[in-house]
Protein chains: 2
Amino acid sequence: MAMMMQTNPSSDAHNTAYSISDLAREFGVTTRAIRFYEDEGLLRPGRSGRQRVYRTRDRVRLKLILRGKRLGFSLNEVGEIINMYDSNPGEAGQLRYFLEQIRQRRETLKQQHHDIDVTLQELDTIEAQCQDRLTTLS
Amino acid sequence: MAMMMQTNPSSDAHNTAYSISDLAREFGVTTRAIRFYEDEGLLRPGRSGRQRVYRTRDRVRLKLILRGKRLGFSLNEVGEIINMYDSNPGEAGQLRYFLEQIRQRRETLKQQHHDIDVTLQELDTIEAQCQDRLTTLS
DNA sequence: GTTTCCGTTTACGTAAACGTCAATTGAAGT
DNA sequence: ACTTCAATTGACGTTTACGTAAACGGAAAC
């Protein structure tokens with residue numbers, strides 16, 4: 001389905017259409033998972049009849065979902081995050097709340113960033129010891 | 001229990017003893033969780049009668065467990081990781097396998113590191129837009 | 001026209017990581 | 001001795017994130 005879309009009258013060059021299995025293949029997830037994300041309100045693909053039609057916007061959201069997961073966030077948290085990306089808070093109060101959310105995310109991410117640095121250094125140490133013992137054994 | 005340990009004959013300055021709730025308080029987890037980690041083979045505290053006695057070694061392991069969790073690893077994965085820290089592989093084959101494990105961990109961590117960088121940049125962008133709109137509204 | 005593919009919906013199943021509750025048991029203070 | 005309080009064991013409950021199976025629909029290939 002990702003191909004043969006030239007007869008679409010409303011195609012503005014950036015709105016390619018994908019089937020559910022197109023995305024499943026591309027990102028290495030099951031179709032079941034993708035439908036599940038929809039059930040959880042993280043995706044809202046269009047429909048052509050009953051078939052789901054994913055466009056660039058949905059593809060980006062899926063990418064964000066998977067990145068959030070890799071970072072250890074729950075789907076609910078991922079939901080909050082990606083809703084930050086395309087929501088448009090109207091009044092000042094909402095904006096401030098929004099900025100606070102961003103600040104918190106940043107804190108979590110920086111903590112993780114630090115955790116990773118520490119762990120990588122420790123891995124270096126362990127690896128060096130292993131290499132030593134390997135050359136000793138030869 | 002973390003205090004009043006001066007009458008212990010075998011105290012070599014670095015082997016302070018902690019109760020389960022000492023550690024629970026310090027790291028902000030429940031005692032239930034700590035016992036669960038033990039059930040999963042991630043911790044092996046000593047016993048004084050039936051009471052668990054945690055020492056520096058156990059405290060370090062707990063710290064590693066929690067760091068692993070913050071990085072999104074499952075308890076099983078965390079188990080593999082912290083067993084890397086204090087296991088002593090004897091033969092060359094084990095060492096090579098071991099080094100391969102380290103390499104894989106490093107890959108995962110670098111992926112996450114990159115994910116975080118990208119996300120932080122995107123948060124910067126969003127935050128800037130929000131700040132703009134806030135000043136516009138004033 | 002009938003296999004052969006997806007794709008969909010509905011529903012139940014499951015593994016991980018604890019939470020919660022109950023019953024019991026020292027250990028410690030008074 | 002009595003209370004109190006933390007700790008233990010065991011069992012069942014819960015949430016998250018899907019997997020898996022069943023049963024059906026449409027369209028494309030032969």
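Each chain gets a letter, A, B and so on, in the order the sequences are listed, and its residues count up from 1.
Under the salt bridge (Lys or Arg N to Asp or Glu O under 4.0 Å) criterion, A:R96 pairs with no residue, sequence neighbours left out. Considering only residues two or more places apart in sequence or on other chains, A:D124 meets the salt bridge (Lys or Arg N to Asp or Glu O under 4.0 Å) condition with B:R106. With sequence neighbours excluded, the residues satisfying salt bridge (Lys or Arg N to Asp or Glu O under 4.0 Å) with A:D115 are B:R70. Scored by the side-chain hydrogen bond (donor to acceptor under 3.5 Å, both in side chains) test, B:N76 finds no partners at all (sequence neighbours excluded). When the ring pair (Phe, Tyr, Trp, His ring centres under 6.0 Å) test is applied to B:H114, no partner is found at least two apart in sequence or on another chain. Checked against side-chain hydrogen bond (donor to acceptor under 3.5 Å, both in side chains), A:T108 has no partners two or more places apart in sequence or in another chain. Judged as a salt bridge (Lys or Arg N to Asp or Glu O under 4.0 Å), and not counting sequence neighbours, A:E107 has no contacts.
Judged by distance alone, with hydrogens and angles left aside, the side-chain atoms of B:D132 form no donor-acceptor pair with the main-chain N or O of B:Q129 at under 3.5 Å.
A cation-pi arrangement is absent between B:R25 and B:Y18, since the terminal nitrogen or guanidinium carbon is not both under 6.0 Å from the aromatic centre and inside a 45° cone about the axis.
For the OP1/OP2 pair of C:dC6 and a distance below 4.0 Å, the side-chain nitrogens and oxygens of A:S19 include no atom meeting the criterion. Checking the phosphate oxygens (OP1, OP2) of C:dG7, a side-chain nitrogen or oxygen of A:S21 falls inside 4.0 Å. Residue A:R25 places no side-chain N or O under 4.0 Å from the OP1 or OP2 atom of C:dC6.
Rounding to whole angstrom units, CD1 of residue B:I65 and P of C:dA16 are separated by 16 Å. Atom CZ of A:R52 and atom C1' of D:dG26 are 15 Å apart (whole Å). Rounded to a whole Å, the CD atom of A:Q51 is 11 Å from the C1' atom of C:dC5. Taking atom CG of residue A:L62 and atom P of nucleotide D:dA17, one finds them 15 Å apart after rounding to whole Å. For A:I20 and C:dT9, the CD1 to C1' distance is 12 Å, given to the nearest whole Å.
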Can you check nucleotides 23-26 of chain C for protein contacts, nitrogen or oxygen pairs under 3.5 Å, and list what you find?
none

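For residues 119-138 of chain A, no pair satisfies ring pair (Phe, Tyr, Trp, His ring centres under 6.0 Å), with sequence neighbours left out.
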Using atom types as modelled, flag every donor-acceptor pair under 3.5 Å from a side chain in residues 32-39 of chain B to any protein atom, sequence neighbours excluded.
residue, atom, partner, partner atom, Å
B:E38, OE1, B:R52, NE, 2.6
B:E38, OE2, B:R47, NH2, 2.8

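The stretch residues 68-85 of chain A touches DNA chain D through A:K69, A:S74, A:L75, A:N76, each having a heavy atom under 4.0 angstrom from the strand. For the segment residues 31-45 of chain B, residues with any heavy atom less than 4.0 angstrom from an atom of DNA chain C are, sorted by number, B:R32, B:A33, B:F36, B:Y37.
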